[in-house]
Chemist: 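Can you read through this structure? Questions will come right after.
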There are 2 protein chains.
Amino acid sequence: MSKCEQCIVKQFNSLKSLTKDELVRISGCKTTKTIKKGEVIFEEGDVVNGVFCVKDGICKLSKLSANGKDQIVKLVVKGDLLGQRSLVTEEVTNLSAVALNDMEVCFIPKSEIVSDLQKNSKFSFDVLKDMANDLRQADDIIVNMAQKSVRQRLAETLVYLYDSFGTNPDKTLSVILSREDYANIVGTAVESAIRVLSQFKKQGLISTSGKKIKIEDLEGLKRVE
Amino acid sequence: MSKCEQCIVKQFNSLKSLTKDELVRISGCKTTKTIKKGEVIFEEGDVVNGVFCVKDGICKLSKLSANGKDQIVKLVVKGDLLGQRSLVTEEVTNLSAVALNDMEVCFIPKSEIVSDLQKNSKFSFDVLKDMANDLRQADDIIVNMAQKSVRQRLAETLVYLYDSFGTNPDKTLSVILSREDYANIVGTAVESAIRVLSQFKKQGLISTSGKKIKIEDLEGLKRVE
DNA sequence: TAAAATTCATGATAAAAGTCATATATTGTA
DNA sequence: TACAATATATGACTTTTATCATGAATTTTA
């Protein structure tokens, strides 16, 4: 099994602040898992007894609303720590995590890592920074949800996906989402998401082929009102 | 000047986890401020070089959206720490804080308290918990914004204000907000907020007299669809 | 206290988004 | 491959929410 000490993925998250010794110990108790596209990592109400270090792939964090729709609140990607909140709270999780493509993750049990949070202040400060950052992003999303149109939110989502995850060789977005996923990120009905994407196509802002979406006019998308 | 060691307000926030010695030191460098209703504590883009311990009063944390409307993302109340994020990030703040009634706060400079965050793991763990909690709440707000109607959001806001801040002797909500504040919490136009409040009045769910709002049927409000 | 300014309230109308129906395309699978 | 299941697409219509206009009530300020 690969060793945390040598894993480059940790450079992207708080685990980089653990000492060599701590990493060796963590490495000894972690479990590596392969998760298939569509598979549930954890569900709302589950006790998540540890944290997942995402070595590859992308998953969505979502919450079921009263009307039965899933709202995606964050995409968790390669390099991210998934389930950080479970380390500091005793509550069950308020979110579900579902893989958007095939993933490879390492699961580190809470019992092993929580002591490091107590002892290694550099580590806990890093986790704190991470969470502060998540919080800022969440605030931004709240404002967007409240004040922007579906068109704007969807345009911004496309730009975000383009900027954050880049494109395949054929210039299509490398993250492949269903129209329902788009609707659930933007917070709208599936039909509305589809309709807006169709508009974008007609305006030459994007082109699509099945689930593949190609950004044709990035600046145009940024200017959507 | 009053001393942090003896201040009961800290029981409600992470400062309770500081040691006696740390509190004495903090007490020596803190500044107590009185802030008038409507006064700005800090604004989006400001460098907030410390944290405010709210001894009395309530303020709103809001963010200006592109269309010029303020979106309120959180109410900060007696006992809360305001500006915790500034302790862990170097960035300017993304939110504005404005007093909703007369406030008394203590300002603790970042330089003095950040070392405690490094040394006192109980304290940093507490801040971490606090932020995890804020994050969970923010996720809930995102889902509400995305999936619920203005009616529902406004009803929930009233219930939240009632549950969290209670009522005056005359049974009116003790937090007094303008219709614009309600609109900015719910994320809607002022006229829409007013209209929905009028509906609630007609339905006997609330009664109003100026800015004072009295909950007449709490269960009814909770049932609003 | 009176005038000015702001906030609250409501109607009329427009725009945005949701819902339902249905058709087509795509994907998964026996 | 053919069939079933699922996802995408679009039209017709309804509901929700925003915008603009205007007047009344309340609050602020001189």
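Basis for what follows: all heavy atoms, side chains included, without hydrogens, waters or symmetry-related copies. First the proteins, then the strands, lettered A, B, ... as listed; each starts at 1.
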Chemist: Identify which one of Val127(B), Leu128(B), Val51(B) satisfies the side chain to side chain contact (heavy atoms under 4.5 Å, CB included) criterion when paired with Ser14(B).
Modeler: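 So the option named by the test is Val127(B).
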Chemist: Atom CZ of Phe200(B) and atom C1' of dT10(C): how far apart are they, to the nearest Å?
Modeler: 17 Å
Chemist: Taking C-beta and beyond as the side chain, do Leu75(B) and Leu161(B) meet within less than 4.5 Å on heavy atoms?
Modeler: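 With C-beta onward as the side chain, the pair touches.
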Chemist: Give, for atom NZ of Lys212(A) and atom CG of Leu177(A), the distance between the pair rounded to the nearest 0.5 Å.
Modeler: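 Between Lys212(A) NZ and Leu177(A) CG, I get 14.0 Å after rounding to 0.5 Å.
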Chemist: On a heavy-atom basis, which atom in Ser62(A) and which in Ile72(A) lie closest, and how many Å separate them?
Modeler: CB-CA, 3.9 Å
Chemist: Take Thr172(B) and Ile213(B) through the test side-chain contact (heavy atoms from CB on, under 4.5 Å) and record every step on the way to the result.
Modeler: CA-CA 5 Å; Thr172(B) 59; Ile213(B) 295 183; over 6 Å; no
Chemist: Nearest 0.5 Å please: distance from the CD1 atom of Ile26(B) over to the NZ atom of Lys10(B).
Modeler: 12.0 Å
Chemist: Rounded to whole angstrom units, what separation is found between the CD1 atom of Ile194(B) and the P atom of dT6(C)?
Modeler: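 Whole-Å distance recorded here is 16 Å.
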Chemist: Side chains of residues 33-50 of chain B: which donor-acceptor partners sit under 3.5 Å, not counting sequence neighbours?
Modeler:
unit_1   : atom_1 : unit_2   : atom_2 : d
Glu39(B) : OE1    : Lys36(B) : N      : 3.0
Glu44(B) : OE1    : Leu64(B) : N      : 2.8
Asp46(B) : OD2    : Glu43(B) : N      : 2.8

Chemist: With no hydrogens and no angle check, do the side chains of Asn94(A) and Arg85(A) hold a donor and an acceptor under 3.5 Å apart?
Modeler: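 Asn94(A) vs Arg85(A): donor-acceptor pair found between side chains.
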Chemist: Please report the distance, rounded to the nearest Å, between CD1 in Ile213(B) and P in dT7(C).
Modeler: 16 Å
Chemist: State whether a side-chain donor-acceptor pair under 3.5 Å links Gln152(B) with Glu225(B).
Modeler: no
Chemist: With sequence neighbours left out, write down each residue that passes ring-ring contact (aromatic ring centres under 6.0 Å, His included) with Phe107(A), or none if nothing qualifies.
Modeler: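 Phe107(A): ring-ring contact (aromatic ring centres under 6.0 Å, His included) contacts with Phe52(A).
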Chemist: Roughly how far, to the nearest 0.5 Å, is the CD1 atom of Ile113(A) from the CG atom of Leu87(A)?
Modeler: 6.0 Å
Chemist: Please determine whether a side-chain nitrogen of the Lys or Arg among Lys222(A) and Glu219(A) lies less than 4.0 Å from a carboxylate oxygen of the Asp or Glu.
Modeler: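 Salt bridge: yes.
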Chemist: Salt bridge check: are Asp181(A) and Lys60(A) linked by an N-O gap of less than 4.0 Å?
Modeler: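 Judged by the 4.0 Å cut-off on N to carboxylate O distance, Asp181(A) and Lys60(A) do form a salt bridge.
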Chemist: Expected output is a numbered-order residue list: members of residues 170-186 of chain B with a heavy atom under 4.0 Å from any atom of DNA chain D. What is it?
Modeler: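 The answer is none.
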Chemist: Specify the angle, to 10°, made by the local axes at the two ends of the helix from dT1(C)-dA30(D) to dA30(C)-dT1(D) when five pairs are taken at each end.
Modeler: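 Its terminal axes enclose an angle near 50°.
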Chemist: Where along nucleotides 17-30 of chain C does protein come under 4.0 Å, by heavy atom, of base (B) or sugar-phosphate alone (S), with - for untouched nucleotides?
Modeler: SBBB----------
Chemist: Of all nucleotides in DNA chain D that come within under 4.0 Å of a heavy atom of chain A, which is furthest toward the 5' end and which toward the 3' end?
Modeler: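 First and last nucleotides in contact are dA7(D) to dA12(D).
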